Amino acid sequence: MSINNCTISGRLTKDVECRMTQSGKSVAAFTLAVDDGFGDNKKTYFFRVNVWGNMADSCGKYLTKGQKATVQGRLQQRKWEKDGQKHETIEIVASNVEFGEKPKGANGNGWQDVDDEQVPF
């Protein structure tokens, strides 16, 4: 038996990218910056996150650049070729996204903190 489950918490590096598949399913993508360590040993890791369905719609509507978010999901490896170059990445396919505090000065919907009761999933 194998387990593929991860949880990360960080800040969005830019606004969420939303689109519809040809079959009409919503998909949203964003990148979370996650800090590790302190001082001179501090490192930042960047994780690409994909979200599907109603949760993708909510992410597109409520998440903004700089906002904190916690993502639970599974890791997925994706490979593709473009212009003769092979590419490969590991992404997180989210099963749950919790919205955290927005950056100072963000007005979006006027929320500073968002909890599960305010977000229609």
Side-chain angles (χ1 to χ4, degrees):
M1 178 168 102
S2 64
I3 297 173
N4 181 358
N5 190 16
C6 65
T7 302
I8 62 168
S9 185
R11 290 194 179 271
L12 273 74
T13 60
K14 60 183 179 177
D15 288 336
V16 177
E17 302 167 17
C18 298
R19 62 182 175 84
M20 288 282 211
T21 64
Q22 290 181 352
S23 63
K25 192 166 189 178
S26 299
V27 62
F30 56 90
T31 301
L32 281 184
V34 178
D35 292 331
D36 184 32
F38 299 94
D40 292 339
N41 295 322
K42 184 176 177 180
K43 295 179 182 178
T44 302
Y45 299 97
F46 299 92
F47 295 90
R48 181 78 172 174
V49 179
N50 292 315
V51 188
W52 294 85
N54 291 337
M55 191 175 303
D57 295 333
S58 293
C59 286
K61 187 173 181 180
Y62 297 112
L63 284 177
T64 61
K65 179 181 176 178
Q67 185 172 356
K68 287 185 180 180
T70 300
V71 172
Q72 296 172 321
R74 63 182 172 80
L75 298 176
Q76 174 178 284
Q77 183 178 30
R78 189 167 53 94
K79 297 178 182 183
W80 70 97
E81 190 171 321
K82 182 177 179 180
D83 300 329
Q85 293 280 344
K86 291 184 179 183
H87 300 273
E88 181 177 330
T89 189
I90 295 178
E91 306 168 317
I92 298 171
V93 178
S95 57
N96 187 45
V97 179
E98 294 179 19
F99 304 167
E101 71 181 38
K102 290 188 181 243
K104 293 185 184 199
N107 51 15
N109 292 321
W111 297 345
Q112 286 302 315
D113 290 300
V114 177
D115 61 34
D116 292 339
E117 295 170 2
Q118 293 173 306
V119 182
F121 282 124

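These numbers were taken from a predicted model, which means no experiment stands behind them. In what follows, every heavy atom counts, from backbone to side chain, and hydrogens, waters and symmetry copies are set aside.
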CA sep, side-chain torsions, deciding dist, call: Asn50, Ile92, side chain to side chain contact (heavy atoms under 4.5 Å, CB included): CA-CA 6 Å; Asn50 292 315; Ile92 298 171; over 6 Å; no
Are side-chain heavy atoms of Lys61 and Val16 found at a separation under 4.5 Å? no
What is the distance from atom CZ of Phe30 to atom OG1 of Thr13, rounded to the nearest 0.5 Å? 10.0 Å
Would Asp35 and Thr44 satisfy side chain to side chain donor-acceptor pair (under 3.5 Å), going step by step from the backbone distance to the final call? CA-CA 4 Å; Asp35 292 331; Thr44 302; 2.7 Å; yes
Between atom CZ of Arg11 and atom CG of Leu32, what is the distance when rounded to the nearest 0.5 Å? 11.0 Å
Kindly compute the distance separating CG (Asp57) from OH (Tyr62), expressed to the nearest 0.5 Å. 10.5 Å
If I take atom CD from residue Glu91 and atom OG1 from residue Thr31, how far apart are they, to the nearest 0.5 angstrom? 9.5 Å
Go through it in stages, so that I can follow the logic: the residues are Met20 and Ser26, the test is side chain to side chain contact (heavy atoms under 4.5 Å, CB included), and I'd like the CA-CA distance, side-chain angles, deciding distance and then a yes or no. CA-CA 5 Å; Met20 288 282 211; Ser26 299; 3.6 Å; yes
Do Asp36 side-chain atoms and Lys43 backbone N/O form a donor-acceptor pair below 3.5 Å? no
Is it the case that one hydrophobic cluster holds both Leu63 and Ile8, taking links as side-chain heavy atoms less than 4.5 Å apart, direct or via other members? yes
Mind checking the OG1-CD spacing from Thr89 to Gln76? Nearest 0.5 Å is all I need. 10.0 Å
In this structure, would Phe47 and Ile90 fall into the same cluster of hydrophobic residues linked by side-chain contacts under 4.5 Å? yes
Could you walk me through whether Thr64 and Leu12 pass side chain to side chain contact (heavy atoms under 4.5 Å, CB included), step by step? CA-CA 7 Å; Thr64 61; Leu12 273 74; over 6 Å; no
Rounded to the nearest 0.5 angstrom, the CD-CD distance for Glu88 and Glu81 is 13.0 Å
Cluster overlap Phe38 with Tyr45, hydrophobic side-chain contacts below 4.5 Å: no
Under a single-linkage definition using a 4.5 Å side-chain heavy-atom cutoff for Ile, Leu, Val, Met, Phe, Trp and Tyr, are Val93 and Val71 assigned to the same hydrophobic cluster? no
Closest approach of Val97 to Met55 (non-hydrogen atoms, all atoms of both residues): N-SD, 3.4 Å
Cluster overlap Leu75 with Val27, hydrophobic side-chain contacts below 4.5 Å: no
Shortest non-hydrogen contact from Cys18 toward Ala56: SG-O, 4.4 Å
Locate the shortest heavy-atom distance separating Arg74 from Asn4; write the atom from each residue and the value. CB-O, 3.4 Å
